[in-house]
Protein chains: 2
Amino acid sequence: MARAATTSDVFNAIAEPQRRDILLLLRAGERPATSIAEELGLSQPGASKHLRVLREVGLVHDRRDGRQRVYRLDARGLEPVHEWAGGFERFWNESFDRLDAYVQDLEQKRSAE
Amino acid sequence: MARAATTSDVFNAIAEPQRRDILLLLRAGERPATSIAEELGLSQPGASKHLRVLREVGLVHDRRDGRQRVYRLDARGLEPVHEWAGGFERFWNESFDRLDAYVQDLEQKRSAE
DNA sequence: TGAATATATACCCATATGGGAAATTATTGC
DNA sequence: GCAATAATTTCCCATATGGGTATATATTCA
């Protein structure tokens, strides 16, 4: 099975660093595919494949402009990711737990030697 | 190459739904591995493998307690994810862009028929 | 020491992945 | 229609993945 289809899962779509780069780039405004590939140093087919994945999960929309295909960010799909991670906020802020885990880690490692 | 190693990338680690489930479960408190597997209906080796990935990216810590290995959440690694997604917040709130994209999509589809 | 419990690893498998190269499909403008 | 441009799709490949099953490695307790 390998992994949930990239196509249907935003978490999977953003697991690939170059796709995250594309999204960041598109915050500056819409861009034709070639421009994206050039800016990020991707091969043209490579960029096209990543764009397809992003399109299929709805993170970008495309529009034809003459011979070019212009991609535009649609960040709405990232809101669930933000919310999901935000659900852990109080945990990464709990300095007690942090210290606790750290100390336990030390003990663990010391006793393992 | 397939994809950046799950081991080194939090985004990749949380791309797998069952690993996200494990993290959610651990918000309620630390738990031994078997308990995690049972609660989520995972096979024992399956849970163990997912826990290993989470451990390697630092999202969980483990501690031995007798024969059991107790896992505890360390959510600090999720903060960058939250921040990254949060960087798109103003985009998913821009209703103008949203409508614009939607209209362009409609036009696109109509002219394609 | 030896049986039982709790986990982690190793191994094998089917499949999804990303990358490169080549072929294919629009679309424009002559 | 035809050449040129822009992009997608198709193949092929090496590899990473998740899932089982079997095995190995602690650790406790009798």
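So you know, we letter chains A, B, ... as the sequences are listed, proteins then strands, and number each from 1.
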Chemist: Could you state the atom-to-atom distance from CZ of B:Arg52 to P of D:dT25 in whole Å?
Modeler: 15 Å
Chemist: Round to a whole Å and report the spacing from CG of A:Leu51 to C1' of C:dG19.
Modeler: 15 Å
Chemist: Expressed in angstrom and rounded to an integer, what is the separation of B:Arg63 atom CZ from C:dA6 atom C1'?
Modeler: 15 Å
Chemist: Just the rounded figure in Å: distance from P of D:dA6 to OH of A:Tyr71.
Modeler: 15 Å
Chemist: Between N or O atoms, less than 3.5 Å apart, protein on one side and nucleotides 20-29 of chain C on the other: list the pairs.
Modeler:
from   : atom 1 : to      : atom 2 : distance (Å)
C:dG20 : O6     : A:Lys49 : NZ     : 2.5
C:dT27 : OP1    : A:Arg64 : NE     : 3.0

Chemist: Starting at atom CZ of B:Arg19, determine the distance to atom P of D:dA16, rounded to an integer number of angstrom.
Modeler: 15 Å
Chemist: Mind checking what makes side chain to side chain contact (heavy atoms under 4.5 Å, CB included) contact with A:Glu83, not counting sequence neighbours?
Modeler: A:Glu79
Chemist: Using the test side-chain hydrogen bond (donor to acceptor under 3.5 Å, both in side chains), find all partners of A:Arg52 that sit at least two apart in sequence or belong to another chain.
Modeler: A:Glu56
Chemist: Using the test salt bridge (Lys or Arg N to Asp or Glu O under 4.0 Å), find all partners of A:Arg20 that sit at least two apart in sequence or belong to another chain.
Modeler: B:Asp9
Chemist: Which residue, A:His50 or B:Pro32, contacts DNA chain C at a nucleotide closer to its 5' end, judged by nearest heavy atom?
Modeler: B:Pro32
Chemist: To the nearest Å, how far apart are A:Asn12 CG and D:dG18 C1'?
Modeler: 12 Å
Chemist: Is B:Gln68 near enough to D:dT28 that one of its side-chain N or O atoms lies under 4.0 angstrom from OP1 or OP2?
Modeler: no
Chemist: Between C1' on C:dG18 and CD on A:Glu56, what's the gap in Å once rounded to a whole number?
Modeler: 15 Å
Chemist: For the backbone of B:Ala13 and the side chain of B:Arg19, can you confirm whether one donor and one acceptor N or O come within less than 3.5 Å of each other?
Modeler: yes
Chemist: Give the nucleotide from the list D:dG18, C:dA8, C:dG18 with an atom nearest to the side chain of B:Glu16.
Modeler: D:dG18
Chemist: Can you name the side-chain hydrogen bond (donor to acceptor under 3.5 Å, both in side chains) partners of B:Glu38, sequence neighbours left out?
Modeler: none
Chemist: My understanding is that only residues two or more places apart in sequence, or in another chain, count here; which of them pass ring pair (Phe, Tyr, Trp, His ring centres under 6.0 Å) with B:Tyr71?
Modeler: none
